[in-house]
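As the structure is a prediction and not an experimental result, all values here were calculated from the model.
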Amino acid sequence: LTGLVVIDQLPQTEETLCLRILGRGRVQHRAIEELEDLPVHHPLRSVSLKLLDNLLCHLEALLEKDNDPTTVRLQRVFEIGRYQTRPK
């Protein structure tokens with residue numbers, strides 16, 4: 001059984017946020033904005049940041065520090081997320 005997801009046609013809900021971040025263009029940019037807007041201790045934010053951090057680490061190893069604006073923006077979100085959620 002195979003399924004197909006058309007990311008740009010997904011509803012803009014928390015349930016689809018992780019998939020939409022993996023999209024591209026305006027869909028991805030909007031999803032990143034939604035992630036940034038989540039409260040610091042929101043469970044979806046912390047889980048998403050961990051998963052995306054892992055993905056970004058793997059991508060960086062493959063792309064050798066890609067300077068794509070989206071990658072740079074995600075790196076900034078991760079750094080902010082790490083700082084805000086670390087134990088005090």
Side-chain angles (χ1 to χ4, degrees):
L1 183 63
T2 302
L4 180 65
V5 176
V6 182
I7 292 177
D8 66 345
Q9 293 181 10
L10 290 172
Q12 291 185 9
T13 64
E14 286 185 359
E15 290 80 13
T16 65
L17 183 61
C18 288
L19 283 174
R20 291 183 291 115
I21 288 174
L22 297 175
R24 63 181 188 181
R26 71 174 175 73
V27 172
Q28 184 183 57
H29 291 282
R30 177 67 188 123
I32 293 170
E33 287 174 359
E34 290 175 40
L35 179 62
E36 289 176 312
D37 292 342
L38 288 174
V40 174
H41 297 292
H42 192 288
L44 182 60
R45 181 182 173 117
S46 59
V47 168
S48 297
L49 289 173
K50 287 176 187 173
L51 292 171
L52 291 170
D53 190 29
N54 188 356
L55 175 63
L56 189 60
C57 287
H58 284 57
L59 289 175
E60 283 178 340
L62 292 172
L63 301 175
E64 297 180 357
K65 302 286 184 184
D66 184 12
N67 287 324
D68 174 71
T70 300
T71 303
V72 171
R73 185 173 180 192
L74 280 172
Q75 287 173 323
R76 182 179 55 80
V77 171
F78 296 143
E79 290 168 8
I80 291 169
R82 282 186 192 131
Y83 175 77
Q84 291 175 335
T85 58
R86 70 179 167 193
K88 296 184 181 191

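Hydrophobic clustering, with ILVMFWY side chains joined whenever heavy atoms are under 4.5 angstrom apart, groups Leu22 together with Leu44. Ile21 is connected to Leu55 through a chain of hydrophobic side-chain contacts under 4.5 Å among Ile, Leu, Val, Met, Phe, Trp and Tyr, so both are in one cluster.
Here the side chain of Ser48 pairs no donor or acceptor atom with the backbone of Cys18 at under 3.5 angstrom. Between the side chain of Arg45 and the main chain of Glu36, a donor-acceptor pair closer than 3.5 Å is present. Looking only at distances, no side-chain donor or acceptor of Arg24 sits under 3.5 Å from a matching main-chain atom of Asp8.
Residues Ile7 and Val5 form a side-chain contact, since some pair of their non-hydrogen atoms from C-beta on lies under 4.5 Å apart. By the 4.5 Å heavy-atom criterion applied to side chains, Leu51 and Asn54 are not counted as neighbours.
Listed here is the closest heavy atom pair of Leu38 and Glu14: CD2-OE2, 3.8 Å. When all heavy atoms are compared, the tightest approach of Ala31 to Leu17 is O-CD1, 3.3 Å. Of all heavy-atom pairs between Leu10 and Leu19, the closest is CD1-CB, 3.9 Å.
Going from atom CD1 of Ile32 over to atom CG of Asp37 covers 12.0 Å, rounded to the nearest 0.5 Å.
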